[in-house]
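One structure is given below, encoded as structure tokens.
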Amino acid sequence: EKSINFSYRAEPVTIMGDKDMLFQAFANLIDNAIKYTPTGGVVVATLAPRAGGALLNFTDTGPGIPDAHKLNVFRRFYRVEACRHQPGVGLGLSLVMAVIKLHQGSITLTDHAPTGVTVRVTL
């Protein structure tokens, strides 16, 4: 519908965790990347082994997340003002953060010029 170029690269990785929770978290990250990427944009998902765990990156060419909002987007019901026209209530990233913490992982956000964001999950 938006003519987004979606690609992924995945290396074999084994992690211990709740598959349903992790599926929901990763589905939310992919959904957000697609939702906020404009028509004709790019979304890339990668999975690679990392020191006894896994490294996942979800990169898009959307508007990015301003530095002032990077920590707040993980709070329940928080939405960046510029993105309030999109459907949602601000629960997705708080759910993602809870699942990642439950699995003793970490999540970071990195903007890249001129547009876009990379969500990095380490498990």
Between atom [atom1] of [X] and atom [atom2] of [Y], what is the distance when rounded to the nearest 0.5 Å?
X	Y	atom1	atom2	result
T37	N32	OG1	CG	10.0 Å
I107	M97	CD1	CE	5.5 Å
K2	K35	NZ	NZ	9.5 Å
L47	R9	CG	CZ	11.0 Å
D111	L109	CG	CG	8.0 Å
L102	M21	CG	CE	5.5 Å

Among residues at least two apart in sequence or on other chains, which ones pass side chain to side chain contact (heavy atoms under 4.5 Å, CB included) with Q104?
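Result, side chain to side chain contact (heavy atoms under 4.5 Å, CB included) vs Q104: none returned.
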Kindly write out the residues that satisfy side chain to side chain contact (heavy atoms under 4.5 Å, CB included) with F6, not counting sequence neighbours, or none if the list is empty.
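F6: side chain to side chain contact (heavy atoms under 4.5 Å, CB included) contacts with Y8, I30, V43, A45.
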Determine the sole option in D31, V99, L56 for which the side chain to side chain contact (heavy atoms under 4.5 Å, CB included) test with F26 is passed.
L56
Out of L93, D60, I34, which residue meets the side chain to side chain contact (heavy atoms under 4.5 Å, CB included) rule with L29?
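Looking at L93, D60, I34, the match for L29 under the side chain to side chain contact (heavy atoms under 4.5 Å, CB included) is L93.
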Step by step, work out the side chain to side chain contact (heavy atoms under 4.5 Å, CB included) result for V13 and R50.
CA-CA 9 Å; V13 174; R50 179 171 188 172; over 6 Å; no
Exercise: identify the closest heavy-atom pair between [X] and [Y]:
X	Y	result
G62	P38	CA-CD, 3.8 Å
G53	I15	C-CG2, 4.2 Å
E11	P49	OE1-CD, 3.5 Å

Using modelled atom types and a 3.5 Å cut-off, is there a donor and acceptor pairing between side-chain atoms of T61 and backbone atoms of V42?
yes
Is V119 reachable from F23 through a run of I, L, V, M, F, W or Y residues, each pair having side-chain heavy atoms under 4.5 Å apart?
no
Chi angles and distances behind the side chain to side chain contact (heavy atoms under 4.5 Å, CB included) call for L123, L22:
CA-CA 10 Å; L123 295 170; L22 290 169; 4.0 Å; yes
Pairwise side-chain contact, Q24 with D20, heavy-atom cut-off 4.5 Å (strictly under)
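In short, these two side chains do not touch, never coming nearer than 4.5 Å.
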